[in-house]
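Keep in mind that what you see is a predicted model, and the values were worked out from it rather than measured. Just the heavy atoms: all of them, side chains too, but no hydrogens, waters or symmetry mates, feed the values below.
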Protein chains: 2
Amino acid sequence: MLTTERHQLILDLLKEKQSIKIQELVELTSASESTIRRDLTELEELQKLERVFGGARRMAPNMPEPSLSDKAAKHLTEKQRIARYAASLVQTGDAIFLDAGTTTAQMIPLLKDKDVTVVTNGLSHLEALTEHGITSYLTGGFIKARTGALVGPQAIQSLESYRFDKSFLGVNGIHADHGFTTPDPEEAAVKRRAGELARSCYVLTDQSKYGTVSFAHIFGLSEAALIIDGLPDQALAEIERQTTIKVVTQ
Amino acid sequence: MLTTERHQLILDLLKEKQSIKIQELVELTSASESTIRRDLTELEELQKLERVFGGARRMAPNMPEPSLSDKAAKHLTEKQRIARYAASLVQTGDAIFLDAGTTTAQMIPLLKDKDVTVVTNGLSHLEALTEHGITSYLTGGFIKARTGALVGPQAIQSLESYRFDKSFLGVNGIHADHGFTTPDPEEAAVKRRAGELARSCYVLTDQSKYGTVSFAHIFGLSEAALIIDGLPDQALAEIERQTTIKVVTQ
DNA sequence: ACAAAATCAATCATAATCTTTCATAAGCAG
DNA sequence: CTGCTTATGAAAGATTATGATTGATTTTGT
């Protein structure tokens with residue numbers, strides 16, 4: 001068995017199993033314990049997994065927030081619920097824009113079999129996109145190291161080459177008077193243009209940030225549909241009454 | 001069995017198998033081990049597959065390979081020597097274009113303290129660029145999963161926003177009649193335009209591929225300076241005599 | 001807390017594979 | 001036919017992967 005075949009096997013198993021014992025791998029590959037150990041060591045150096053006593057486990061994509069780990073996990077399922085609904089709106093053959101951000105990232109695995117074309121300004125989306133074999137285009141622009149987003153006039157200009165069936169944007173807040181808000185003015189500009197270039201525009205948020213606009217920049221786009229979770233019905237009704245935003249729930 | 005038939009067979013097998021052992025190929029083609037090795041080497045240079053110990057595997061759709069400690073290339077020191085010289089040409093404050101590819105990647109750490117602005121179409125350069133705190137812009141375009149390069153009309157269009165003090169391009173071959181060559185026509189187009197948009201254009205290669213143009217696409221640009229290593233002086237002289245290419249050595 | 005069991009890192013010899021080099025054979029132009 | 005180029009196979013020596021062994025470290029059971 002080829003070395004890379006073993007490596008691939010291990011990574012594939014970890015996609016389904018979360019963790020795995022060395023003894024299992026010895027049986028599965030009929031390689032020696034030493035070899036498996038070496039494999040795990042190498043894969044760990046490549047940041048593909050984390051060794052634990054007796055085996056290995058999947059890299060935790062957990063941004064360590066020790067005190068709020070429960071809350072983070074709760075947000076994760078919220079993100080996933082929203083992403084699942086957003087992905088269900090995508091039809092076979094659609095050309096879509098995926099905004100940078102963790103919520104839209106959750107959509108990617110769900111687009112696998114839809115034969116979509118994706119344009120994104122999120123560098124962190126790339127790995128998942130190529131891994132799932134999705135035809136992908138990247139906008140150009142300045143690399144915002146903190147968020148991995150491409151922004152600036154170049155980003156907006158390279159958007160102009162495209163027209164989208166649907167745009168999926170992430171936001172930090174919603175405000176009755178101002179519409180959607182996000183902390184970074186440059187990212188807001190990209191979002192706005194991406195929304196304008198789409199026939200339909202959907203805004204995703206898992207944060208319950210209605211009304212609290214701090215350090216936020218407006219990006220307008222009151223015509224978008226809002227996919228949200230975690231806000232009381234009363235607030236949703238208020239949004240629909242006071243704005244032209246259309247609220248969509250699962 | 002014809003050489004190209006073997007090549008096609010290998011590529012076909014890799015469409016279904018992910019990876020393949022040299023011994024299997026020896027049995028399937030009843031060619032010698034040496035021949036299969038040569039086939040794999042050639043196909044690797046064309047970026048059609050990746051050699052691994054004992055066989056070959058499909059180009060990994062996962063391009064991010066933490067690559068610094070990598071033992072990847074025997075050409076590494078050559079690459080580094082070339083990269084060091086190329087980087088020495090960069091002056092403080094320059095705006096430069098860095099082509100995708102492993103040779104230009106070696107330049108990045110050396111640009112750290114030069115206060116440069118970098119534009120690149122190489123996704124695999126990103127990690128190093130941000131890590132060294134270099135102001136970076138990315139071109140847009142279609143994501144070529146095999147090489148991690150951004151190509152296509154969108155890539156070229158987003159180049160138009162920029163003007164460079166210097167462009168640094170990687171190539172696979174040099175040909176007296178045709179100028180520089182590279183296997184992929186789309187990547188060639190990007191290289192060509194990036195070269196045109198620069199006041200000075202430097203071409204880097206660590207491959208001693210003078211004259212052997214196989215499956216190559218020309219990208220012209222005979223006005224560029226060539227930074228090379230590993231060719232005999234005689235060949236360099238011939239290049240300068242037969243073309244308008246200016247050869248630069250360290 | 002202690003001892004037994006399991007797991008680990010380090011080392012070494014061996015086997016498999018790799019690169020380089022050379023010689024032969026096949027195709028082709030003059 | 002001769003001279004040239006290209007493809008091929010074979011062999012030597014270098015490199016890499018593997019499996020077994022050793023003694024250290026960690027976990028587990030009591």
Item to check | Heavy-atom protein contacts under 4.0 Å, nucleotides 20-30 of chain D, coded B base, S sugar-phosphate only, - none | outcome: BB----SS---
Checklist entry - Quick one: salt bridge (Lys or Arg N to Asp or Glu O under 4.0 Å) partners of B:Lys17, sequence neighbours excluded? => result B:Glu24
Checklist entry - Quick one: A:Asp39 CG to D:dT16 P, roughly how many Å, whole number? => result 17 Å
Checklist outcome for this item: B:Lys21 atom NZ is separated from D:dT16 atom C1', nearest whole Å, by 17 Å
Checklist entry - Which nucleotide in the list C:dC18, D:dG9, D:dT18 gets nearest to the side chain of B:Thr35? => result D:dG9
Checklist entry - Can you name the side chain to side chain donor-acceptor pair (under 3.5 Å) partners of A:Glu5, sequence neighbours left out? => result B:Ser19
Next on the checklist: Could you work out, with ring-ring contact (aromatic ring centres under 6.0 Å, His included) as the rule, every residue matching A:Tyr137, not counting sequence neighbours?
Outcome noted: A:Tyr162, B:Phe142
Next on the checklist: To the nearest 10°, give me the bend of the helix from C:dA1-D:dT30 to C:dG30-D:dC1, comparing the axes of its five terminal pairs at either end.
Outcome noted: 40°
Next on the checklist: Just to verify, what does B:Lys144 make a salt bridge (Lys or Arg N to Asp or Glu O under 4.0 Å) with, not counting sequence neighbours?
Outcome noted: B:Asp184, B:Glu186
Checklist entry - In whole Å, what is the span from the CG atom of B:Leu2 to the C1' atom of D:dA7? => result 11 Å
Next on the checklist: Side chains of A:Thr29 and A:Leu9, heavy atoms from C-beta outward: is any pair under 4.5 Å?
Outcome noted: yes
Item to check | Results of side chain to side chain donor-acceptor pair (under 3.5 Å) for B:Ser136 - residues two or more places apart only | outcome: none
Item to check | Nearest-nucleotide 5' precedence on DNA chain C, B:Gly54 against A:Gln23 | outcome: A:Gln23
Checklist entry - OP1 or OP2 of C:dT19 sitting under 4.0 Å from any side-chain N/O of B:Arg51? => result yes
Next on the checklist: Distance alone, cut at 3.5 Å: any donor-acceptor contact between the side chains of B:Ser158 and A:Gln154?
Outcome noted: no
Checklist entry - What salt bridge (Lys or Arg N to Asp or Glu O under 4.0 Å) pairs are there with at least one residue in residues 102-114 of chain B, not counting sequence neighbours? => result none
Checklist entry - Tell me: CD1 of B:Ile36 to P of C:dT17, nearest whole Å? => result 14 Å
Checklist entry - For the pair made of CD in A:Glu33 and C1' in C:dC8, what is the distance, rounded to whole Å? => result 9 Å
Checklist entry - Nearest nucleotide by nearest heavy atom, which residue falls closer to the 5' end of DNA chain D, A:Ala31 or B:Arg6? => result B:Arg6
Item to check | Under the side chain to side chain donor-acceptor pair (under 3.5 Å) test, residues paired with A:Arg38 that sit two or more places apart | outcome: none
Next on the checklist: Using whole Å, what does the distance between atom P of nucleotide D:dA17 and atom CD1 of B:Ile22 come to?
Outcome noted: 13 Å
Next on the checklist: Base, sugar-phosphate or nothing for A:Val26? Non-hydrogen atoms, less than 4.0 Å.
Outcome noted: nothing
Checklist entry - Are B:Thr3 and D:dT8 close enough that a side-chain N or O sits under 4.0 Å from OP1 or OP2? => result yes
Checklist entry - Between A:Arg37 (CZ) and D:dA17 (P), how many Å, whole number? => result 19 Å
Next on the checklist: Using whole Å, what does the distance between atom P of nucleotide D:dA17 and atom CG of A:Leu43 come to?
Outcome noted: 13 Å
